[in-house]
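Heads up, the thing below is written out as structure tokens.
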Amino acid sequence: GSGGSRDPRFPGPRLKPLPRHCWHHGRMSRRAAKPASATLFAPPAGMSPLAERMRPRELDEIVGQERLLGPGTALRRAIEAGHMHSMILWGPPGCGKTTLALLLARYADAEFESMSAVLCGLPEVREAVARAQARADAGRRTVLFIDEVHRFNRVQQDAFLPHVERGTLILVGATTENPSFELNSALLSRCRVHVMDAVPAAAIEAALRRALDDSGHGLGDRGLVVDQATLGEIARAADGDVRRGLTLLEIAADLAREGRIDAATLAQVLADRSRRFDKGGEQFYDQISALHKSVRSSDPDAALYWFTRMLDGGCDPHYLARRLVRMAIEDVGLADPRALSLAVDAWEAWDRLGSPEGDLALAEVAIYLALAPRSNAAYVAFGAAHGDVREHGTQPVPMALRNAPTRLMKELGYGQGYQYDHGIEGGVALTQQCLPEILRDRSYYQPAEQGLEIRLREKLDALRAARVAARAAAGARQGDQGP
């Protein structure tokens with residue numbers, strides 16, 4: 001399209017400027033740019049962040065995505081042949097989603113437009129679609145890259161549907177969230193979802209080494225000295241994010257004394273590092289699921305690890321405390337009733353002590369729950385009772401169990417035939433029917449052969465057997481008496 005500008009990183013596609021509030025790579029609209037302001041807001045290539053300068057220019061330079069982009073893979077063959085399709089790139093930060101979209105346009109010799117769903121709305125979407133339509137009419141294809149595509153609402157997502165279906169544009173959406181939860185099914189049906197992996201530390205280390213050796217775009221002209229162990233530590237601290245690793249390396253380079261990045265330099269750079277953790281996204285729920293299932297699998301080491309991972313990532317300790325209480329109720333249950341008390345006490349201890357002292361109290365509970373005898377018998381019984389309540393509606397309370405505070409109620413039979421258990425030999429009125437008639441003799445609770453429930457099962461089995469025998473004897477007596 002006319003008025004576009006070429007991306008200096010690639011000789012192929014021309015990049016169409018977007019409105020200023022839709023910048024994705026810091027490009028300015030020609031209409032808004034002025035010679036004096038260009039030096040202020042459009043820094044020369046040498047002043048761009050290292051991660052931007054080292055963005056891969058060929059598919060072979062993308063690291064850590066061999067499963068998706070390795071030699072001979074379906075997607076790689078399609079890209080190299082210039083065959084494009086609309087797609088959703090789903091992966092963690094810094095895995096190469098934006099780079100892959102840029103390379104897709106380059107290999108297909110297509111126009112590349114980029115916008116952020118955080119900053120753009122429906123008017124900008126319509127403008128981009130109109131430009132793509134104009135190019136399509138002129139015989140040129142468009143790759144429209146949408147960063148954080150899951151931030152678009154349903155109406156904004158629906159605006160792409162007819163244009164993607166007709167091939168007016170090739171939509172490439174990037175998201176860190178599960179597309180099946182965040183994107184419309186109609187849009188998903190028109191796009192292929194490609195899952196990109198967190199980049200292994202070894203691959204990040206290779207990218208860091210390339211940046212150190214590259215004199216044209218990287219740090220090669222600075223003569224930095226970095227040993228293998230230090231570089232590996234930076235790669236591990238990047239936590240699967242190449243961009244983060246390059247940023248850490250650039251900071252270390254700026255802090256290096258006499259061109260050497262040593263342990264002291266690294267300590268400054270990594271002082272406040274944190275692991276990848278999304279407090280509201282899929283990783284959050286994956287990790288709490290791992291904690292819960294580790295407890296359920298009697299693996300205290302795994303339970304402690306996932307608990308610590310979530311704390312380290314910034315999870316609210318109150319949330320963890322609440323989930324530990326739930327585990328004590330749902331998975332340990334009556335096999336060890338002390339677990340619930342310990343979980344509640346640890347929660348209260350955290351409220352009194354705060355972090356980090358209170359964190360240990362919660363960690364102890366995670367370990368205890370993983371080692372405690374477990375039973376979900378009460379959980380299953382509650383579910384079964386709940387199912388009967390829904391299925392059978394409002395069943396009347398047996399007359400013998402009803403309260404009779406007035407004369408009228410007594411005349412109507414309320415409380416008639418009630419057997420006071422404390423006044424009966426053995427302390428249990430075995431013939432008394434406490435369930436509604438339609439649910440007579442229903443058994444919900446089936447204790448497990450675990451912990452305290454072993455003894456509860458023995459007592460319950462004896463009670464149920466005695467109840468059956470007593471009711472049978474009472475029925476036989478009624479039969480002997482006749483009508």
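Only this structure's heavy atoms are used, side chains among them; waters, hydrogens and symmetry mates stay out. Residue numbers start at 1 and run along the sequence shown.
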Minimum heavy-atom separation for P447 to L460, with atom names? CD-CD2, 3.7 Å

Count the heavy atoms belonging to other residues, nucleotides or ligands that lie under 6.0 Å from CD of E357, then report whether that count exceeds 12. yes

Side-chain heavy atoms of I424 within contact of V428, under 4.5 Å: no

Separation between CD1 of I438 and CD of Q395, rounded to the nearest 0.5 Å: 4.5 Å

Keeping the roles fixed (side chain from K410, backbone from Q416), state whether a donor-acceptor pair exists under 3.5 Å. no

Could you walk me through whether Q433 and D441 pass the side chain to side chain contact (heavy atoms under 4.5 Å, CB included) check? CA-CA 8 Å; Q433 176 62 34; D441 299 326; 4.3 Å; yes

Side chain to side chain contact (heavy atoms under 4.5 Å, CB included) for V380 and Q446? Distances and angles first, verdict last. CA-CA 9 Å; V380 172; Q446 303 294 336; over 6 Å; no

Residues E458 and R455 bridged, charged N to O under 4.0 Å: no

Centre-to-centre under 6.0 Å for W350 and H318, is that the case here? yes

Between E148 and H150, does the side chain to side chain donor-acceptor pair (under 3.5 Å) criterion hold? Intermediate values first, please. CA-CA 5 Å; E148 303 287 339; H150 60 275; 3.3 Å; yes

Would you say the ring centers of Y285 and F181 fall short of 6.0 Å from each other? no

Any side-chain donor-acceptor pair under 3.5 Å between S355 and D359? yes

More than 12 heavy atoms of other residues, nucleotides or ligands under 6.0 Å from CZ of R442: is that the case? yes

Could you check whether any side-chain N or O of R326 sits under 3.5 Å from a backbone N or O of R322, counting only pairs where one atom can act as donor and the other as acceptor? no

Indicate the atoms forming the closest heavy-atom contact of M115 with C120, along with that distance. CB-SG, 3.8 Å

So, Q419 and T431: side-chain donor and acceptor under 3.5 Å apart, yes or no? yes

Tell me if the OH atom of Y418 is crowded by more than 12 foreign heavy atoms within 6.0 Å. yes

So, do P93 and R243 sit near enough that their side-chain heavy atoms are less than 4.5 Å apart? yes

Heavy-atom distance under 4.5 Å between the side chains of M327 and L291, does that happen here? yes

Note, Y444 side chain near L439 side chain (heavy atom, < 4.5 Å): yes

Main-chain N/O of I288 paired to R323 side chain as donor or acceptor, under 3.5 Å: no

Indicate yes or no for a side-chain donor-acceptor contact from D421 to the backbone of A429 under 3.5 Å, with no hydrogens or angles considered. yes

Taking the side chain as C-beta and beyond, is there a heavy-atom pair between M87 and L75 under 4.5 Å? yes

Of all the heavy-atom pairs spanning Q157 and F152, show the shortest one and how long it is. NE2-O, 2.8 Å

Side chain R471, main chain Q432, donor-acceptor under 3.5 Å: yes

Side-chain (T142) to main-chain (L144) donor-acceptor, under 3.5 angstrom: no

For the residue pair G417 and A400, what are the closest heavy atoms and their distance? C-CB, 4.0 Å

Looking just at side-chain N and O atoms, do K293 and S297 make a donor-acceptor pair shorter than 3.5 Å? no

Give the C-alpha distance, both sets of side-chain angles, the deciding distance and a yes or no for side chain to side chain contact (heavy atoms under 4.5 Å, CB included) between L161 and L187. CA-CA 6 Å; L161 298 180; L187 184 60; 4.0 Å; yes

What's the verdict on side chain to side chain contact (heavy atoms under 4.5 Å, CB included) for D388 and E391, showing C-alpha distance, side-chain angles and the deciding distance? CA-CA 5 Å; D388 276 349; E391 180 179 352; 4.2 Å; yes

Ionic contact status for E80 with R77, cut-off 4.0 Å: no

Minimum side-chain heavy-atom gap D197-Q65 below 4.5 Å: yes

Would you please test S298 and R374 for side chain to side chain donor-acceptor pair (under 3.5 Å) and show each step? CA-CA 9 Å; S298 295; R374 294 177 319 286; 2.3 Å; yes

Taking the side chain as every heavy atom from C-beta outward, state whether D241 and V199 have any pair of such atoms under 4.5 Å apart. no

Evaluate the side-chain proximity of L69 to I79: yes if any heavy-atom separation is below 4.5 Å, no if none is. yes

Is a donor on one side and an acceptor on the other found under 3.5 Å between the side chain of E453 and the backbone of A448? yes

